[in-house]
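Residue numbers start from 1 in every chain, and the chains themselves are labelled A, B, ... in the order their sequence lines are given, proteins ahead of strands.
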Amino acid sequence: MSKKNLVLVDGSGFIFRAFHALPPMTRPDGTPVNAVFGFCNMLTRLLKEHTGTHLAVIFDAGRTTFRNAIDPRYKAQRPEPPAELIPQFALVREATRAFAVPAIELDGFEADDLIASYAEAMKAAGGEVIIVSSDKDLMQLLGNGVSMLDPIKSTAIGPAQVMEKFGVTPAQMIDAQALMGDSVDNVPGVAGIGPKGAAQLINEYGTLDAILAAASSGTMKPSKRRDALIAHAEDARISRRLVELRCNVALPCPIDDLAIAPHDDAVLHDFLDAQGFKSIKARLGLDGLARRHEERSAPPVAAVPVVTTSDAPFGPYETIDTEAALDRWIADIIATGFVAIDTETTDLNARRTRLVGISLATAPGRAAYLPLGHEAGEQLPRALVHARLAPILTDPAILKIFHNAKFDLHVLAAAALPDAAPFDDTMLISYALEAGAHGHGMDELSVLHLDHKPISYDEVTGTGRNRVSFSAVPVDRATAYAAEDADVTLRLWQWLRPRLREAKALTLYETMERGLVPVLLAMERAGIMVDRDDLVAMSDEFARRMDEIQRDIEQLVGHAFNLGSPKQLGEILFGEMKLQGGKRTKTGAWGTDAAALEELAEAGHELPRRILDWRQLQKLKSTYADALVTEIDIEDRRVHTSYAQAIAATGRLSSNDPNLQNIPIRTSEGARIRRAFIAAPGHALISADYSQIELRLLAHVADIPALKASFINNEDIHARTASEVFGVPMEGMDGATRRRAKAINFGIIYGISAFGLARQLGIDNGEAKRYIDAYFARYPEIRRYMNDTREFARTHGYVVTPFGRRCHVPGIADKNPARRGYAERQAINAPLQGGAADIIKRAMVRLPDAIAASGLDMRILLQVHDELLFEAPIDQAPAAAAVAREVMQQAAVLSVPLLVEAGIGANWSDAH
DNA sequence: AACGTCCCGTAC
DNA sequence: GACGTACGGGACGTTA
C-alpha cells in the first residue's frame, strides 16, 4: 500500500486572504463572490496538481471556543467581517461540497486545532501532511512529515522558511508567539517584544519558562525588557495557552473518509454556473454540460458541513476502579477540553434519587463508567473521586456535555459535587433545532442520528415488580449501559452542535434554553409550601359529599353502578333511560362529557346535573387533594414539581410529578385547592402574570393597526372586539356579548374554525361563520397572517416565533384534509403560543441578576405559562412585585406594550 | 400484575 | 373529522 498523503486546507484563513487579495466581483444576482472564485480556483489547482491521497477543507465553526474561557479578551475586539464577505462563507462551504471534498468544522474549536489534530493523527498513521495556508499560527506544526503550502503565492513553507522569517524553529514558535502576542487576535504577549526580541530571547534561554525564570531570578541583566517580562509574565503564560494548538481534538470525521473521491460533474457544473465562473468550468471541461434544472430557486441550501458520524464501535468500555485509571481519564479530559457526562441513580425522579455512578466520554467510542454506589464490586472511595472530579466540573476551560443537564445537576448537587460550568445539553440542542418534529430523549435521538439503538434502562434494571435499583446492577453490566450513554451523548453533541448555527438557533439555545436550566433547577429545589391539613380536610369533605350524591343518583337510577365509569353511565343515560340527543365518541361509546351532560341537564333531566356535581368533587379529590398530599416532601413540607423543557412543540414548559400548571382557579370549589398553596411563615406569595400576551403577539406579528391601537390605549380588548364585530358601543356592554367576543379572540389564537367556535358558544355553524367573517372584515390583516403562516409552514415544514424558535408542524402537507387542517391550526397557533413562551423564558433567565441587584430575598417558585409565582418576606413583597413586573415587561420590545399585573397574598388564590 | 388506550377534566 | 398546548386519574381491555 502506498503512503498516505493528507492535504488540509485552512478554509477560513483562505476566505479572508482571498477576499482581500482579489478584486471585487459579483455574480449576476449581485452576490459578491470574489473569495468564492479564488477558493474554487485554488481547489481546482490542488485537485489537478497535488499528489495527495486525502483532502479536506477545515473551517472555524463559531466565534466562541475554549480559548475564550482561558482569556475573555481573546479575539474580543475582532471586527465583524465586511458585508461583502458574509454571504461568501456559506457559498465557500457549498463550493467545497460541489467539489465532493469534505468540509469539516467543530464547535468550540478553531480550524487550526482541527488541522493540528488531523496532522497529528496522520503522522501517527505514518502518512504525510500538507497544510494549505500561510498562517503563522500553524507553523508550530511543521517538520516530521508536515509541510505547508502558501495557496496564494504557491510557495512551500518549511522549517527553513520559519527560521528565515522568525529566527526560531517551528517547535519554538509557540513560545515566540507567546512573547510577541498578536494584536489581531488580541493575544497580549509581552509589551515591547516583537518577532526580533522574541527570537533573541529564545535563542539565548531556550524556552519561555527559562526566560521568565531568568527575568525574575535576576540572571537577566536589568533592562526595560526584563521589567516588561516580569510585569507581563502571566500574560505570556496565558498567551502561550492561547497560541498552542490542540492536537488531540476528537476527529469529527475519520481520516479514511477524507480519501479523494470523484465529484459529480453535473453538481459541480450547476454550482459553477450559478456563480458565473465560466473560466473554471472551461478548465474542468464542464462547459458542454447543460444545466440540470433551469431555475433552481436560489439555494437556501444552508451549507451543511460534512461532519460525518464516527464509525468507532459502541463499546466495549472501561470500568474505572483504580486510582491510576481515574487519573488517566482526568488527564484525558483536561487534554480534550470537553467531556460528556451521564449520572446513574437509584431512582428516575431527580429530586428523590441518589448517585450510583458516573460515566464519561471524551471521543466517539472512548467512554468509561465510574461506579460509586453499587452494592457489590470494587469501587473507588467517594472522597477520592470527588477530589478529582470537582476541579473538572468547575474548570472554565472544560465543557461538560449532558443529555438533560438539569437531572444530572440535581444528582451531582445531592452528592455534594459542585455545579458544572460551562455545560452543554444535547437534549436542549435537539429541542432548539427541531421542537415538534420528534421526541428528544437520548434513545430516540441515537436511533435517529447515529443509527444505533442503545441498551435500554429497562433491559438493565428490569421492569415492574422485577425492577431493581441501579445500585443492584452488576458493575460490568452497568458499565456497558452507562458508558454507552455518555458515548451516545458525546456523538450527539458532535452531530447536533454544529447544526445550531445553520438553523439560526444558536442564540435561542445558548441564552434561552441553556440559560434557563439553572433557573428551573433553583425553582424545583425551592418548591412551594402546601397546607397538608387543609388538603386532607378537603378530601374528607369531598368524600362525604360524593357519598351523598351517590345515594341520590342510585335512587334516581334504581340501582348501583360505578359513577366513575363513563361507559356504564352512557348505557344508563341513553340505553336504560332513553334520553335523546346523545352523541358517540370516536370509538362508538356514548359521549358523557360535561358539555353533553350540561345539555341534558338544561333539557330538564335531574341525573346529569348530579353526575356533574359528583365529577367535580371526584376530580378535585383524586387529582388534586389526594395526589398533592402524597407529593409533599417530608423534609421541608413543600411540593417540588419537575419542569420538562423539551416536550411541548411550541416552546412551552410542562410540569409533572406533580403538575402544578393545572391547579384549579375557575370555580369556587377549585379555588379552595389553590388556597392550600401558601407562603412560608413570615413570607408572602407574589403572582405576576402577562395580560393578554398571545393577543398582543398576534397584533404585533400580524401587524394589525386596529388591534395594536387598542393595546396601546389599554382598552378592554374583548369589549373592543365585541364593539367592532357586533357594532355595539363599548359603554354599557352586556356580559354575554363580551363573552362571545372573548371566545372569538381565543378562537383566532387557536386557528379558528366555524365548527369549533359554534361548539364553544353553543350556536350553529352558520352563525359562527358570520361572526368569523365579521371579524376578518374588521381586522383584514388576520386573514393575511393566517394565509402567510400556512404557506410558510407548507414550504418549510415549520413556523418561526418572533424570537427565532422553529416549531415543526408534521402533517402540514398531508393529503387527508382533517390532518392537514389540524396541522394548519397548529401552524397558526405556534408562533403566538411559542412567542409567549419565549418572552417569559427571557424574563426568567434575566430575573436572577435583577433579584441579586435588588438585594431582595425573593425566590421564583413556579411558572404557569404566562404567570410567575414568587415568594418573599412580607415586608419585601411590594418591592419584589415591582422587580418582577419590571423584568417581565421589559423582556421583549414589541410594537405593543407588554403589561404585567401583580398581586400579593398569603396564599396563591389571594395573590391573584 | 403490568401496561396501553380511552375518556374525561384541569390549567394557560 | 371537530379551535392551540400540556398532565394525569380512573376504567377497561390487553398482555405477561
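Atom C1' of nucleotide C:dC3 and atom CZ of A:R740 are separated by 18 Å, given to the nearest angstrom. The CG-P distance, from A:L868 to B:dC12, rounds to 14 Å in whole Å. Rounded to whole Å, the distance from CD on A:E598 to P on B:dG9 is 11 Å. Between the P atom of B:dC12 and the CD atom of A:Q661 lies a distance of 10 Å, rounded to the nearest Å. Atom pair A:Q833:CD and C:dA6:P shows a separation of 7 Å (rounding to whole Å applied). The distance between atom CG of A:L660 and atom P of B:dC12, rounded to the nearest whole Å, is 13 Å. Between A:F746 atom CZ and B:dA11 atom C1' the separation is 12 Å, expressed in whole Å. Going from atom CD1 of A:I663 over to atom P of C:dG9 covers 12 Å, rounded to whole Å.
Here the side chain of A:A818 is nearest to one of B:dT10, C:dG1, C:dC7, namely C:dG1. For A:N656, taking side-chain heavy atoms from C-beta onward, the closest of the listed nucleotides B:dA11, C:dG8, B:dC3 is C:dG8. Looking at the side chain of A:I665, the nearest of the listed nucleotides B:dC12, B:dT10, C:dA6 is B:dC12. Closest to the side chain of A:R674, from the set B:dG9, B:dC12, B:dC7, is B:dC12. Of the candidate nucleotides C:dG4, B:dC7, B:dA11, C:dG4 has the atom lying nearest to any side-chain atom of A:Y750.
For C:dT5, the OP1/OP2 oxygens have a side-chain nitrogen or oxygen of A:Y822 closer than 4.0 Å. Dashed line: the shortest gap from a side-chain N or O of A:R666 to OP1 or OP2 of B:dA11 is under 4.0 Å. Applying the 4.0 Å criterion to OP1 and OP2 of B:dT5, one finds that A:T587 has every side-chain N and O outside that range. Close to C:dC3, at under 4.0 Å from its OP1 or OP2, lies a side-chain N or O of A:R825.
Within 4.0 Å of A:G821, counting heavy atoms only, lies no atom of the nucleic acid at all. A:A594 comes within 4.0 angstrom of sugar-phosphate atoms only, judged by non-hydrogen atoms across all strands, and of no base. Residue contacts for A:I647: at a heavy-atom cut-off of 4.0 Å it reaches the sugar-phosphate backbone alone, with no base atom in range. If you check every strand for non-hydrogen atoms under 4.0 Å, A:N662 touches a base. Among the atoms of the strands shown, only primed sugar atoms or phosphate atoms (P, OP1, OP2) are found under 4.0 Å from some heavy atom of A:D657. Note on A:A830: nothing from the nucleic acid sits closer than 4.0 angstrom, heavy atoms only.
Scanning atom types as modelled, no donor and acceptor separated by under 3.5 angstrom connect the side chain of A:R615 and the base of B:dC8.
Look at C:dA2: it lacks any Watson-Crick or wobble partner with both distances under 3.5 angstrom.
A heavy-atom distance below 4.5 Å is found between the side chains of A:V519 and A:I860.
Summary of the strand contacts: A:I752 and A:S654 both lie near DNA chain C, and taking for each the nucleotide with the nearest heavy atom, the more 5' one is attributed to A:I752.
Considering A:E571, A:K583, A:R615 in turn, A:R615 is the only one that fulfils the side-chain hydrogen bond (donor to acceptor under 3.5 Å, both in side chains) rule with A:T592. Screening A:R675, A:R545, A:K619 for a salt bridge (Lys or Arg N to Asp or Glu O under 4.0 Å) involving A:E669 leaves a single residue, A:R545.
The heavy-atom pair separating A:G835 from A:F803 by the smallest distance is O-CE1, 3.7 Å. Nearest approach of A:L556 to A:R610, heavy atoms of both residues: CD1-CG, 4.3 Å. Nearest heavy atom pair, residue A:I673 against residue A:A625, reads CD1-N, 4.1 Å. A:K841 approaches A:M512 most closely through the heavy-atom pair CB-SD, 4.5 Å. Residue A:R638 comes nearest to A:G527 through the heavy atom pair NH2-O, 3.1 Å, listed as atom of the first residue, atom of the second, then distance.
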Nucleic acid footprint by protein, nucleotides 10-16 of chain C - heavy-atom cut-off 4.0 Å, B for base, S for sugar-phosphate alone: SSSS---
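Taking the centre of each ring, A:Y771 and A:Y775 stay at or above the 6.0 Å mark.
One P atom belongs to C:dC3, the other to C:dC7, and the distance between them is 22 Å to the nearest Å.
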